[in-house]
S.K.: 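Got a structure for you, questions after.
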Amino acid sequence: MAGSTHGLVMPPEGGPGAGGFWRQAWRRLRRKRLALCAGGVIALIALVAFAGPHLSGIRYDSLDWDAIAIPPQFGGAHWLGTDRLGRDLFVRTVYGVRISLVIGLLASAVSLIIGVVWGMVAGYSGGRTDEFMMRAVDVLYSLPYLFIVIILTTLFERGSLVVLFVAIGAVGWLTIARIVRGQTLVLARAEFVEAARVIGVGPAAMLWRHIVPNLSGTIVAYATLAIPQMILFESFLSFLGLGVQEPLPSLGNLINDGAREMQSAAWMLLVPAGFLVVLLLCFSIVGDALRDALDPREGSS
Amino acid sequence: MLAYAARRLAAIPPTLFIIVTLAFVVVRAAPGGPFDAEQSLPPQVKANLERAYGLDQPFLVQYVHYLRAIAHGDFGPSLKYRDLSVGALIAQGLPVSLTLGLAALSVALALGVPLGIWAALRRGRAVDHGIMGLAVLGLVLPSFVTGPFLALVFGLGLRWLPVAGWQDGNPYYLVLPVITLSLPLVAYIARLIRSSLLEVLQSDFIRAAQARGLGRRRVILRHALPPALLPVVSYLGPATAFVVTGSLVVETVFGLPGTGRFLVEGAINRDYTLVMGMVIVYGLITLTCNLAADLVYGWLDPRVGHAS
C-alpha cells in the first residue's frame with residue numbers, strides 16, 4: 001500500500017461548495033455519461049426481468065406444441081422465438097436474468113461480508129494474526145477458485161439456489177479482503193482512531209463505528225464490481241450443469257442449450273448470450289466508474 | 001535466493017496436503033454415493049461393490065489408505081469407469097489440456113504485450129481507446145459465450161475452421177479453442193502492460209536516459225520495457241489458475257478430450273477417486289506455476305529481498 005494520503009483525509013477538490021464525501025462522489029459520477037447510461041440499461045433490464053414474465057402471461061415452463069423452435073418474429077406470440085420444447089425464449093431468458101441477478105446480488109453480499117470482516121480484522125490486528133490471515137488468502141488465491149465452487153456445489157443437492165449463492169459468495173471474497181485490509185492498515189494509524197483508542201473505545205466498537213464508515217466508499221465500489229463476477233460464476237456453473245437446473249432457466253443453462261442447437265437455431269444461443277454480455281458489460285462500466293468516483297486515491301485516468 | 005526457492009518449494013507438500021484433506025472431507029460429505037445412479041442395483045450387489053472399493057470402512061481408515069496410495073503415486077481405480085484407473089484417465093487427457101493451456105498462455109503473451117505497449121505509446125489517441133475498449137469487452141465476455149459464438153461465425157458460417165474435435169492435435173482444430181481461452185488473458189495483459197509502462201515512463205531514470213540522448217526505440221525497449229514487464233510476470237500465476245478453470249469450458253464447448261470434463265463428471269457421479277485425482281493434479285499444476293512465477297519475479301526484480 002503506497003497511499004500515504006488516504007482519500008478521506010484529502011481536502012475537497014471540487015472547488016467552492018464541494019459538499020460531503022458522497023456528494024462529491026456523486027458529482028464525479030455524474031460527469032460520466034457512459035456509466036450513467038450503463039446504469040440505466042441495468043435498471044431497464046432489471047425492470048423487465050421482474051415485471052416481464054407477468055406482463056407476457058406465458059410461464060417460463062409452459063410448452064407451446066404449435067410453436068416448436070420457431071425463430072424470432074415481430075408481432076408474433078413468441079417475439080424472441082421458442083426452444084426445442086416450444087417454451088418462449090423471451091420469458092425464459094428474462095426469468096433467467098432474474099435468477100442470475102438475485103443470485104449475483106446475494107452472493108456479492110455474502111462475499112462482501114466475509115471479505116470486509118476478514119480484511120478489517122487482519123488489518124486492524126496486525127502482527128502475526130494479520131500475517132496468518134493474509135497468508136491464508138494468498139493460498140486460496142493461488143487455487144483455481146472454481147474448483148472449490150464446483151466441489152462445494154456438489155456438497156448438497158444439485159440446483160439448490162441457496163447452496164449456489166453461498167458457495168459462490170464463499171469463494172469470491174479474496175480481492176475485497178485484500179483491499180479492505182490495505183485500507184484498514186492506513187486507517188488504523190490515523191489520528192482519529194488513535195484518539196478513539198485513548199478514550200477507551202474497544203476493538204469491536206472501533207471497527208464498527210470508526211473503520212467501517214470510512215471504508216464505505218471502497219465497499220460500495222467493489223460490491224458493484226463483485227456483482228458481475230458473481231453473475232459470471234453462476235452462469236459458468238449452470239453452463240456446466242452444476243448450477244441452476246432445468247426446468248428453471250438461468251443465463252448459463254440457456255446458453256448451454258443454445259450452443260447445442262446453434263447449427264439449426266442460432267437465436268437460441270444469441271438471445272441469452274446477448275442479455276448476459278450486456279448485463280456484464282454495464283455492471284463493469286458502472287463498477288469502474290464508481291471506483292474512480294469513490295476512491296480518489298486510484299486517480300482517474 | 002536459493003534458500004528462498006527451497007523454502008517455497010518445501011511449502012508445496014503441506015499446502016497440497018491441506019487441499020487433499022479438505023477435498024477428501026468435502027467430497028465424502030456430499031450426499032449420495034458413486035453407485036446410486038445405477039438404480040437397479042440390488043442392495044447386496046451395492047454392498048459388495050462398496051466393500052470391493054473399501055467404501056464400507058470407517059472414514060478415517062479410508063483417508064489413511066488413500067494418503068498411503070497417493071504417496072506411492074497411485075490414484076486408485078475410477079469408481080465410474082471401472083476398467084480404468086484414475087491415473088490412466090488423467091494421463092490420457094492431460095496432454096490435450098496442457099497443449100491447450102500452454103498455447104493459450106503463449107498467444108496471450110504474444111498478443112497482449114505488444115498491444116499494451118502500442119496503447120501506452122499512443123496514450124489518449126484513437127488506437128489507445130480502441131485497444132482498451134476491446135480489452136474491456138475481452139474481459140467481460142465469458143468463454144462460454146465467445147466459444148460458441150466463434151464456432152458459429154468461423155465454423156458454421158464462414159466454414160474456415162472446424163467447429164469441434166481434436167484430431168490428434170491437428171493445429172487447425174486448435175485455433176478456435178486457443179483463441180477462446182486466450183482472449184480474456186490478452187485483454188488483461190494488454191491493460192497491465194499499458195498501465196505499468198505508462199508508470200515506468202514517468203520515472204527519473206527514463207528521463208535520464210532521454211537526457212543522455214538515447215533514441216526513442218532504445219529508451220522504450222531497453223530501459224522502460226523490462227521493469228514494465230514485471231507485473232505480467234507476477235500475473236502469470238493467477239493466469240495459470242484462470243487457464244485451468246477456463247479449459248473446463250473450452251473443452252466442453254469444442255469437444256476436446258482433455259481432463260476438464262473429469263472434474264465436472266466426477267463431481268456429478270460422485271466418482272470420489274477421480275475428483276480427488278483431478279484436484280491433486282490441478283492443484284499441483286497451479287502451485288508449481290505460482291512458485292515459478294514468483295521465483296522468476298524475484299530473479300528479475302533486484303528490489304525483492306528474500307531475507308524475511
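Reminder, nothing fancy here: chain letters follow the sequence lines and each chain counts from 1.
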S.K.: Select, from A/Leu281, A/Asp288, A/Val277, A/Ile285, the one with the greatest count of heavy-atom pairs under 4.5 Å involving chain B.
M.R.: A/Leu281

S.K.: Count the heavy atoms belonging to other residues, nucleotides or ligands that lie under 6.0 Å from CZ of B/Phe149, then report whether that count exceeds 12.
M.R.: no

S.K.: Looking only at heavy atoms and a cut-off of under 4.5 Å, which of A/Ser235, A/Gly252, A/Pro272 has the most pairs with chain B?
M.R.: A/Ser235

S.K.: More than 12 foreign heavy atoms under 6.0 Å from OH of B/Tyr188: is that the case here?
M.R.: no

S.K.: Where the side chain of A/Glu234 meets the backbone of A/Ile103, is there a donor-acceptor pair that is under 3.5 Å apart?
M.R.: no

S.K.: Check each atom of A/Leu280 against the heavy atoms of chain B and say whether the ones under 4.5 Å are side chain, backbone, both or neither.
M.R.: both

S.K.: Give a yes or no on whether a salt bridge exists between B/Asp128 and B/Arg125, defined as a side-chain N under 4.0 angstrom from a carboxylate O.
M.R.: no

S.K.: Output yes when a side-chain donor or acceptor of A/Asn253 lies under 3.5 Å from a complementary backbone atom of A/Pro249, and no otherwise.
M.R.: no

S.K.: Would you mind checking which part of B/Val243 comes under 4.5 Å of any heavy atom in chain A, side chain (CB onward), backbone (N, CA, C, O), both or neither?
M.R.: neither

S.K.: Go through the atoms of B/Leu156 and report whether side chain, backbone, both or neither lie under 4.5 Å from a heavy atom of chain A.
M.R.: side chain

